[in-house]
Amino acid sequence: MLKSTKPPFPSKTKFSLWFLRSFNSLLSPGSPKQIETHPSHSHQYNCQKYFLFSFLNENPTNRRVPKQVHSHLLTTASFSQSVRLFNALLRCYSVCENPKDAIFLYQQVQTFYLYLKFDSFTYAFLIKACASLADLALGKQFHGVEIKMGFESHLYVQTVLVNMYVESGGLIECKKVFDEMPEKNHVTWNVMITGLAKQGDIEIARFLFEGMPDRNIVSWSGMIDGYTRMNRHREALRLFRRMVADVGVDPSEITLLAILPAVWNIGDVKMCQLIHCYGLKRGFLLSDIRVMNSLIDAYAKCGCIVSASRFFEDISMTTRNLVSWTSLISGFAMHGMGKEAVESFERMEQDGWKPNRVTFVCVLNACSHGCLVEEGLNFFEKMVNEYRISPDIKHYGCLVDMLGRAGRLEEAEQIALQIPCEISNEVVWRILLGACSFYGNVKMGERVTSKIMETEKRYGGDYVLMSNILAGARRFADAESLRTLMEKRNAIKVAGSSVT
DNA sequence: GTAGGGTTAG
């Protein structure tokens, strides 16, 4: 008899699927009843449980792992023996790409294992799955069940419930649960604040933020992120300065990710450099590829493509990922550097990266801004035939823009007409209208304008462009009447402005 | 166990 019940598996060991299969075959002859009743099997059973537990916890996002464990538990009828293992599996499903599996698992186990007693963890993970699904109706059902099971005042269950309601848009319910919680902690407050900020209820979020007992870095970052999402960049920067200078809170990597869009929207290169230095000092630039990628993007959007590209080259080959390459290509695209973008794309492929749909939007955009029409058409063809990516509206937009800029208006119009109507929008026609304006094509301009007006009548820019086309063709009366129509329809054209 | 996350046509 073995004295120790502690299984001989180190917790941090990585287990392969192959190993699990071997383990399964090792254990499968014994039914769970046998395992339980035979003392000689108890150590083996504990090992198995421990192994499955580590396997789930160490591969939380691997799609095959929970399925494998799930089928193992079903075939050996092991669910009845451990609610902890069941919860671990439920947690895995709730964070995986199909959280519906968590609900299916619950239903399955509820039907066949009536004696399994669910605990607070079970309901927390189920409600989390509803939040990921943004399924308010389902979430409400579990709210009812959870109350019935006596978790109405449970801090963790209620916190995850607040999160579910705020993320699924149930603002009234979310406020009710939050207000009625007998005990709240910083996570509860942050769930509420970051959730409201994400939903655009920034004023209420700010009110809670100012009134909360102790703000931590998550609260600050959530508020800053809320302001940048709402395009209130100066307020985001004000809050960031208050956090750093007045309160003395150290930004985290997430704070940097939240503040960088505000920095490049304002075009503050100095601030960009400051954040770069801070990231180096704190070690975020070594540890978090997301911060590095966001910095490549921010430098490029602040107009410093040289800094962006230099920064990219400084990232080691092993650290760079597809997003780093895509950010670089996107930077070259917005600077009209088509050749460099194409070269980067080729280097990326040589390094073994498989471009995704975003990469193709960026490289097509680069071809369009760099007047590389043939290359662009080749990329489009490559995307569809080699990488089997079905083009979305942005890819078509780039194509229309590319042909339009090159003066190949008829071809551009043909592409625009061929776009499946389920995905087509007025933006693609607006791009073509810009090209018609540049090349003074009145007839196509009129055709395109009427296409746009089918769906969007209140975008002032369209009237301005078309009236400019008409004026260019000396049809001043028509141009004038279009301007009058624009005013009558209350269409607004915001005047452009520059940061410098 | 519960909270914040990078690249995308005009």
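Predicted model only: the values in this text are computed from it and were never measured. Letters A, B, ... mirror the listed sequences (proteins, then strands); counts begin at 1.
Looking at heavy-atom distances under 4.0 Å, Val191(A) makes contact with sugar-phosphate atoms alone, never a base. Within the nucleic acid shown, Ser330(A) comes within 4.0 Å of sugar-phosphate atoms alone, with no base atom in reach, counting heavy atoms only. Residue Lys184(A) is out of contact with every strand shown, counting any heavy-atom pair closer than 4.0 Å. Residue Asn321(A) is in base contact, counting any heavy-atom pair closer than 4.0 Å across all strands shown. Heavy atoms of Ile393(A) sit under 4.0 angstrom from at least one base atom. Here Thr326(A) lies in heavy-atom contact (under 4.0 Å) with a base. At a threshold of 4.0 angstrom between heavy atoms, the contacts of Leu161(A) with the nucleic acid are absent. Ile289(A) comes within 4.0 angstrom of a nucleotide base, judged by non-hydrogen atoms across all strands. When heavy atoms are screened at a 4.0 angstrom cut-off, Asp119(A) is found touching no nucleic acid atom at all. Here His186(A) lies in heavy-atom contact (under 4.0 Å) with a base. Across all strands shown, Asn216(A) has heavy atoms under 4.0 Å from base atoms, whether or not it also approaches the sugar-phosphate.
A salt bridge links Lys198(A) to Glu167(A): one of the charged nitrogens lies within less than 4.0 Å of a carboxylate oxygen.
A nucleotide of DNA chain B counts as in contact with chain A when one of its atoms lies under 4.0 Å from a heavy atom; the first and last such, 5' to 3', are dG1(B) to dG10(B).
Counting all heavy atoms, side chain and backbone alike, Ile431(A) lies closest to Gly397(A) at CD1-O, 3.7 Å.
Every residue meeting the side-chain hydrogen bond (donor to acceptor under 3.5 Å, both in side chains) condition with Arg408(A), not counting sequence neighbours, appears here in chain and number order: Glu374(A), Glu411(A).
Checked by atom type, the side-chain pair Asp297(A)/Ser327(A) shows no donor-acceptor distance below 3.5 Å. Using modelled atom types and a 3.5 Å distance limit, the side chains of Tyr387(A) and Arg357(A) yield no donor-acceptor pair. Looking at Ser219(A) and Asn190(A), their side chains do bring a donor and an acceptor atom within 3.5 Å of each other.
Residue Asp119(A) holds its CG atom at 4.0 Å from OG1 of Thr122(A), rounded to the nearest 0.5 Å.
Aromatic ring centres of Phe125(A) and Tyr106(A): separated by at least 6.0 Å.
Contacts between residues 357-369 of chain A and DNA chain B, counted as heavy-atom distances below 4.0 Å, involve Val358(A), Val361(A), Cys362(A), Asn365(A), His369(A).
For the ring-ring contact (aromatic ring centres under 6.0 Å, His included) criterion with Phe151(A), the lone passing option out of Phe118(A), Tyr123(A), Tyr156(A) is Tyr123(A).
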